[in-house]
2 protein chains.
Amino acid sequence: MDMPASSGVSAQCRKIGKVLAIVGDKWTVMIVRVLVQRPHRFNELKRTIGGISQQMLTRTLKALERDGMVNRTVHPTVPPQVEYALTSLGQSLAVPVHALGVWAGEHLAEIEQNRARYDDDRNV
Amino acid sequence: MDMPASSGVSAQCRKIGKVLAIVGDKWTVMIVRVLVQRPHRFNELKRTIGGISQQMLTRTLKALERDGMVNRTVHPTVPPQVEYALTSLGQSLAVPVHALGVWAGEHLAEIEQNRARYDDDRNV
DNA sequence: CTGAATCCTCGAGGATACTG
DNA sequence: CAGTATCCTCGAGGATTCAG
């Protein structure tokens, strides 16, 4: 918000930057990828993901809800049941994210080889 | 590296996580998107991107070089000229990243509307 | 069970000065 | 011009406790 963004390149980069601000954090993608299969309840989500604190799960879900990516449905039972499901917007995001996942599967090994080689060349 | 990753979901998520660790930082995507057009020199890159410190540019470029995403070519002239160019690996990454950019262009406005509405509903 | 509130750590990212 | 080195800030993320 501080640059003139004179060229179209910058403008497009800002947009990507904003999306990465959503998607680039540690947990958003994992949550989306779990929810894209079927709706989940809070602790179910927590167990499925594994390694996330309830704090961060709450925060990330709230952020996703604010962005209109997930719907939060409270069933007024006892004990309370809260179900999280992807909206159509959230599902549409899952598409390019999945593309990234495919790319990861295809090239991650190569990247790690590159790293190892790079580190070798420097350490010997 | 601490979870059994019993299901394939987790395994795939780890991979995406690693890619996001590369792509998810503040500058990598912008650099890739600039370099995908044509190779750039250091300060040229710095000016084109705008708002990045030389420190972070150096760090990010070095990380990208380590991952085999960019080639660093030193022309032994005076003053020194260093040219950075995407490798084929880097160019292949630009594809899903661009897909994310397209998604951003299509849905960012909607997201920001969702946010505004969400915040309104809470503040009134 | 689903959160909200609090406290703490750690590293990404920035600013600045110096070097070859 | 193209870095390297140093210091600093700030917030993401985790751990724990309390509440409805």
Side-chain angles (χ1 to χ4, degrees), chain A residues 1-3 13-14 16-31 34-35 39-67 70-85 118 122, chain B residues 1-3 13-14 17-32 34-35 39-67 70-85 118 122:
Chain A
M1 301 299 184
D2 49 344
M3 283 285 140
C13 283
R14 314 264 157 213
I16 294 199
K18 291 188 179 181
V19 171
L20 282 174
I22 299 173
V23 152
D25 74 88
K26 195 171 180 179
W27 299 111
T28 299
V29 166
M30 299 196 74
I31 292 177
V34 170
L35 287 185
H40 282 65
R41 291 177 49 194
F42 187 86
N43 273 345
E44 183 186 13
L45 212 40
K46 187 173 185 308
R47 279 189 306 270
T48 303
I49 292 178
I52 188 174
S53 61
Q54 58 289 56
Q55 176 69 293
M56 282 314 298
L57 184 53
T58 299
R59 281 191 205 171
T60 310
L61 284 172
K62 193 172 292 180
L64 286 173
E65 187 193 359
R66 184 169 100 106
D67 292 340
V70 307
N71 272 329
R72 178 175 179 272
T73 310
V74 182
H75 300 277
T77 62
V78 48
Q81 297 214 352
V82 183
E83 198 173 67
Y84 292 91
Y118 183 93
R122 299 229 142 193
Chain B
M1 302 301 181
D2 48 344
M3 284 284 140
C13 282
R14 313 260 158 214
K18 291 187 179 181
V19 172
L20 282 174
I22 299 173
V23 153
D25 73 88
K26 195 171 181 179
W27 299 111
T28 299
V29 166
M30 300 196 74
I31 292 178
V32 168
V34 169
L35 287 185
H40 282 65
R41 292 176 51 192
F42 186 87
N43 274 343
E44 183 187 13
L45 211 41
K46 187 172 185 308
R47 278 189 306 269
T48 304
I49 293 177
I52 188 174
S53 61
Q54 60 286 57
Q55 176 70 289
M56 284 313 298
L57 183 54
T58 300
R59 282 189 205 173
T60 310
L61 284 173
K62 195 173 293 183
L64 285 173
E65 187 193 0
R66 184 169 101 106
D67 292 340
V70 307
N71 272 328
R72 178 176 179 272
T73 309
V74 181
H75 299 278
T77 62
V78 47
Q81 298 215 352
V82 184
E83 198 173 66
Y84 292 91
Y118 183 93
R122 299 228 141 193

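To find a chain, count down the sequence lines: A is the first, B the second, and so on, and within it residues start at 1. This is a predicted model, so every value here is computed, not measured.
Scanning DNA chain D 5' to 3' for nucleotides with an atom closer than 4.0 angstrom to a non-hydrogen atom of chain A gives a first and last hit of dG13(D) to dG20(D).
I16(A) and V29(B) get closest at one heavy-atom pair: CG2-CG1, 3.4 Å. Residues Y118(A) and R66(B) come closest through the heavy atom pair CD2-CG, 3.4 Å. Minimum interatomic distance between M30(A) and K26(A) (heavy atoms only, all atoms of both residues): CG-O, 4.3 Å. In terms of heavy atoms, P76(A) sits closest to V74(A) at CD-O, 3.5 Å.
Remark on DNA chain D: of its neighbouring residues R59(B) and G24(A), the 5'-side contact belongs to R59(B), judged by nearest-heavy-atom nucleotide. Taking the nucleotide of DNA chain C with the nearest heavy atom to each of R47(A) and P80(B), the more 5' of the two is matched to R47(A). Nearest-nucleotide positions on DNA chain D place R41(B) closer to the 5' end than the other of R41(B) and T58(B). Each of I52(B) and P79(A) was matched to the nucleotide of DNA chain C holding its nearest heavy atom; the match closer to the 5' end belongs to P79(A).
Between the CD atom of Q54(B) and the P atom of dT16(C) there is a distance of 10 Å, given to the nearest Å. When rounded to the nearest whole Å, the span between CG of L45(A) and C1' of dT2(C) equals 12 Å. A straight line from CG of N43(A) to P of dG3(C) spans 9 Å, rounded to a whole angstrom. The CG-P distance, from L57(A) to dA4(C), rounds to 11 Å in whole Å. Atom pair K46(B):NZ and dG14(C):P shows a separation of 11 Å (rounding to whole Å applied).
The listed nucleotides are dC1(C), dT6(C), dG3(C); the one nearest the side chain of Q55(A) is dT6(C).
In this structure the side chain of I31(B) reaches within 4.5 angstrom of the side chain of L57(B), judged on heavy atoms.
At a threshold of 4.0 angstrom between heavy atoms, the contacts of K62(B) are confined to the sugar-phosphate backbone, with no base atom among them.
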*side chain to side chain contact (heavy atoms under 4.5 Å, CB included) between L45(A) and I52(A), worked out*: CA-CA 10 Å; L45(A) 212 40; I52(A) 188 174; over 6 Å; no

*List the steps, then state whether side chain to side chain contact (heavy atoms under 4.5 Å, CB included) holds for R59(B) with W27(B).*
CA-CA 10 Å; R59(B) 282 189 205 173; W27(B) 299 111; over 6 Å; no

